[in-house]
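Following: one structure in structure tokens, then a few remarks.
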Amino acid sequence: MLEGLKIVRTAQSRLPGFDVDKQAFGDSFSDHMFCMTYENGAWREPAITPYGPVPVEPAAIAIQYAQTVFEGLKVYRGDDGVFRLFRPDRNAARLAASCARLCIPAVPADVFIEAITALARVDAAWVPARPGYALYVRPIVTAADGYIGVRPSKRYRFFIVTTPVGTYFRAGSDGLRLKVEEALTRAPTQGGLGAAKAAANYAASLLAGDRAIKEGFDQVLWLDGTHHRFVEEAGLMNVFFVIGGRVVTPPLGDSILPGVTRESVIALLKDRAVAIEERAIGIDEVAAAAKRGTLDEMFACGTAAVVTPIAQLRYRDAEVSPAIKGFGKIARALYEELTGIQFGRLPDRRGWTRKIDMSVPAPAGA
Ligand SMILES: *Cc1c(COP(=O)(O)O)cnc(C)c1O
């Protein structure tokens, strides 16, 4: 339980004059943030305050040694006016797993969800009321101790910041263009941090991503770190291939982030009795299918991207493209069903969404 939440509201909202369509993804934040501190063995002092800089020791273990993990989810304002979270229990469980991997004390699931809910209530006006738009929520758990030796921190901070976002898929685009990265590795095949949403993984990905963008691609498609052959994932997205009517996605392991969207996509495919295989898939197999004309679709999925078609892979000198440009049949159906559930247009048969009751009075101090 989130007890003793203190709320300090901003004197001047930045919302008037804010235009979500004029922002790059994630570069402006809503009025408030959440912060909680872990000290003497317990999470304490939950507070919502105006968004702004926080004091950090320069020798903080997070800064030096990347003992930081994070999450990503969205608050949706439904077509019916209802605000919803999508499977926040899965994000809470993944955060706990990421924390365990980095020796960080877990944030209890109820605290995690209540903190997001409380922040969403304070910044409800920041949740865009347009189809496909949402308030992206970024929880962060980070090591606070200033210390030069390498050991887990004793003190931590749990922050939540939010940013309004538009739809990921640009009108007029066929989909993502990804560069298959054959030299650099996001995460080692076994024993590394790849399955944790750990800050260090994203540091590891920067150089390849930067080169790919300079070469005109949207992102990198990562291969396994041992053979540089088996497809892993793309940036902040898991990937799926439709080959001869069967859907294939790489199996989870130490090097792949277990996406909530991936898990949901697999469940929806099983509902529709579409053949879905979680198995190792070589980049050579994808390229060969494209050559034969049996690569029906490729798509990526994640909270930000929902389901987004991949138009093209650059693999060595070959351009690997699916038979259809843009959304294929399966990607389209998944996109419609996922966003339908998230925005309250379709029945939520699995209990995936959690409504945020905005009529509840904000806690004392508001
Ligand atoms: C967050 C993330 C994903 C997607 O996870 P979702 O829970 O679906 O948003 C995929 N890959 C990586 C590396 C990620 O960090």
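Whatever order the structure lists them in is the order used to number ligands and atoms, beginning at 1. The basis for the numbers below is simple: all heavy atoms, side chains too, and nothing from hydrogens, waters or symmetry mates. Start at 1 with the first residue, then count along the sequence.
Checking Thr189 against Ser255 by side-chain atom types alone, no donor-acceptor pair falls below 3.5 Å.
For the atom pair Glu71 CD and Lys197 NZ, the distance stands at 6.0 Å (nearest 0.5 Å).
Only one option out of Tyr335, Phe83, Tyr76 pairs with Phe343 in a ring pair (Phe, Tyr, Trp, His ring centres under 6.0 Å); it is Tyr76.
In this structure, Trp43 and Tyr156 have tilted ring planes: the angle between them lies in the 30° to 60° band.
Residues of the protein with a heavy atom under 4.0 Å from ligand 1 are Arg94, Arg186, Lys197, Tyr202, Glu233, Gly235, Leu236, Met237, Asn238, Leu257, Gly259, Val260, Thr261, Gly302, Thr303, listed by chain and number.
Val231 belongs to a hydrophobic cluster whose remaining members, ordered by chain and number, are Tyr168, Leu176, Leu178, Val180, Leu221, Leu223, Met237, Val239, Phe241, Ile243, Val248, Ile281, Ile283, Val286, Leu295, Met298, Ile310, Leu313, Tyr315, Val320; membership requires side-chain heavy atoms of ILVMFWY residues under 4.5 Å apart, directly or through intermediates.
Under a cut-off of 6.0 angstrom, the local environment of NZ in Lys329 is sparse, with at most 12 non-hydrogen atoms contributed by other residues, nucleotides or ligands.
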